[in-house]
Structures are given as structure tokens and as C-alpha cells.
Amino acid sequence: MRKLKHLRHLMSPLDFTVEELDKLMDLAVAMQNDPEKYAHVCDGMRIATLFYEPSTRTRLSFESAMLNMGGNVIGFHSAESSSVAKGESVADTIRVVISLHADIAAMRHPKEGAPMVAAAHSTIPVINAGDGGHQHPTQTLGDLLTIRSLKGRMDNLTVGLCGDLKFGRTVHSLIEALVRYPGIRFVLISPEELRIPSYVKEDVLDRNHIPYEEVIRLEEAIPKLDILYMTRVQKERFFNEDDYVRMKDFYILDAAKMELAGEDMQVMHPLPRVNEIAVEVDNDPRAAYFRQMEYGMYMRMALIYTLLELGEESTC
Ligand code: NCD
């Protein structure tokens with residue numbers, strides 16, 4: 001296990017200041033531009049990916065990030081395939097991976113706050129890779145780099161968030177991160193039943209005096225947007241199958257709706273996509289969701305590198 005001067009975890013995007021986020025984005029860009037330079041900085045190190053909830057993208061992104069820097073991966077990808085099925089606590093699981101020489105861990109869990117419990121029992125950095133309907137900070141890191149790279153700025157943007165704003169943790173984390181930049185406005189596009197939770201409205205939007213409007217029709221919102229962030233209806237968080245079926249195809253972004261958008265509007269989506277973006281949109285130059293995936297990987301590389309304090313002896 002690597003000896004660290006300051007043990008730091010990532011639970012929420014607010015764990016980094018705006019200046020630290022800028023540095024992280026600069027590092028991610030440097031890594032993208034010169035992969036050779038970083039190809040061995042994690043030689044002999046391990047990341048533990050502890051995924052208690054299904055994930056392909058996020059887990060593969062963490063694993064690719066570590067492999068790109070010469071490190072290795074241990075872990076599991078569902079609660080059923082681990083000792084959790086036997087009743088092990090997250091506190092014990094983190095102790096186990098530490099005794100197996102993991103240097104850093106990424107944890108996804110269906111319960112809000114579970115990665116924080118693991119962090120409280122950990123001597124290695126723990127990264128929240130998504131906790132229930134709460135937060136998804138590393139998705140946000142990639143989203144911020146996508147916005148900065150494609151729009152050339154983080155301020156004075158009108159951001160439309162569309163779909164499941166109630167259960168969508170990527171949306172909650174992104175809003176928290178973006179309100180720290182000047183001139184941000186939101187258009188919250190959702191059916192009545194999937195509106196943004198009131199704690200996000202009161203504690204984040206109202207408290208920071210952020211202008212926003214709530215609308216139901218996507219067509220009404222599209223012409224005003226710099227960014228359209230589409231989301232999947234979070235099937236696994238519904239209590240009732242009928243409600244899910246009623247909501248799941250509420251929004252479908254297609255080529256006809258894209259005609260209403262400005263020529264610089266970027267379409268983002270954390271993936272996986274279900275029906276909410278028609279495949280015909282993929283060829284539109286404004287479709288940014290696959291590039292967003294790649295930016296996410298570079299940000300996870302930069303994050304691992306930073307939390308493991310690798311820059312302090314090699315680069316920077
Ligand atoms: C998101 C998630 O898990 O919250 N996906 C991801 O991390 N790539 C969004 C989603 O599952 O809809």
C-alpha cells in the first residue's frame with residue numbers, strides 16, 4: 001500500500017475546489033495528449049473496483065484508467081458475486097481489499113452514503129462511483145471536462161437537464177458542480193412525477209441564487225440551450241413497474257427535435273442510453289455522448305493520479 005501524506009476520498013464533486021477541478025482537467029488533457037508519459041506511473045499499484053450494483057461504463061472506465069497508467073485491477077461487479085451475498089459489511093470489504101494490497105478503491109452501491117461508510121474505515125482513498133439516487137462525482141468530473149473542451153468555457157451557459165431528474169444521480173452531482181461557475185442557468189425538463197428533488201432546489205439552486213425554469217416539453221426548451229443533458233429513466237429505482245412503463249418513453253430526442261437546436265448545442269448523456277436518444281442522432285456532430293465517455297476516462301486517470309499523490313514525485 002502506498003504511503004500518502006494526506007488521505008483524501010472523493011464522495012461529492014464539492015470535495016474539490018474550482019481551482020483543484022481546473023488542475024484536474026488540465027492534467028486529464030495532458031494525459032490525453034501524451035499517454036506515453038503516464039503509461040507507467042501506476043506500475044505495481046492496484047485499484048479495487050467494488051461494484052455492488054451493475055455497471056459497465058463506469059467500472060470499465062476506472063479499470064481502463066488504471067490499466068492506462070500501468071496499474072492492475074481487483075474487484076467484483078455485482079453484490080451477488082461477492083461475499084456481500086453472505087452478509088459482509090462495506091466496512092469489512094474495504095478492510096479486506098486493503099489487506100490484499102489495494103492502493104485505491106472505487107465503490108458503487110445502491111444505498112446512499114455507503115461509500116462514505118467505507119471511507120470512514122479506510123486507510124486508502126475511496127472514490128464514490130455512484131451511491132443510489134444520490135451522487136455520481138466521477139461522472140461529473142468527465143461531464144465538466146466535456147463541457148470545457150466542447151464549449152471552451154464553464155461559465156455563462158444555459159444547461160438543459162432532461163428526463164429522470166428525481167432519481168438521476170448524475171444530474172444531482174452535475175448541478176452541484178456547475179452552480180459554482182458564474183452565469184449558469186438551468187432548464188429542468190421532466191414529467192411532473194420525475195422533477196428534481198426539493199432538496200436540490202432549495203439547498204443548491206435557491207441557496208446559490210441560480211436562475212432555473214421547470215418545463216415539461218423538450219421542444220419548448222431546446223432552442224435556448226447551450227447543452228442538452230439527456231438521462232435514462234432509472235428503472236431500478238422505481239417502486240412500481242407500471243409507473244416506469246408510463247415514464248420510460250416520455251422523451252425521445254430525434255433528428256426532427258435536433259433541428260430546433262442551435263448549431264453549437266452539445267448533446268450529452270451519461271449512458272447507458274435506452275430510448276431517450278434515437279440512434280439517428282449519433283451521426284449529428286452535436287452528439288457528444290461517446291466523446292463524453294472518453295473524457296470521463298481521462299478524468300478518472302487524473303483523479304487516481306492525484307489521490308495517490310503521484311505528481312509529487314514524478315511530474316507536475
Ligand atoms: C449513470 C449512473 O450509473 O448513474 N451511468 C453511468 O455511470 N455511466 C446513468 C445511468 O445509469 O442512467
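Note that the structure is a prediction, hence the values are computed from the model and not measured. Ligands are counted one by one from 1 in listed order, and the atoms in each one are counted from 1 as well.
- Donor-acceptor pairing under 3.5 Å is recorded for the side chains of Q292 and D143.
- A salt bridge is defined here as a Lys NZ or Arg NE, NH1 or NH2 lying under 4.0 Å from an Asp or Glu carboxylate O, and E214 with K201 meets this definition.
- No cation-pi contact links R237 to F167, judged by a cut-off of 6.0 Å to the six-membered ring centre and 45° from its axis.
- Sorted by first and then second residue, the ring-ring contact (aromatic ring centres under 6.0 Å, His included) pairs involving residues 186-215 (not counting sequence neighbours) form an empty list.
- For residues 242-299, the ring-ring contact (aromatic ring centres under 6.0 Å, His included) pairs, not counting sequence neighbours, are F238-Y244.
- Residue pairs meeting the ring-ring contact (aromatic ring centres under 6.0 Å, His included) criterion with at least one partner in residues 105-164, sequence neighbours excluded, are Y52-H109.
- When heavy-atom distances to ligand 1 are checked against 4.0 Å, the residues falling inside are R57, T58, R108, H136, Q139, R169, T170, R232, Q234, P270, L271, P272, ordered by chain and number.
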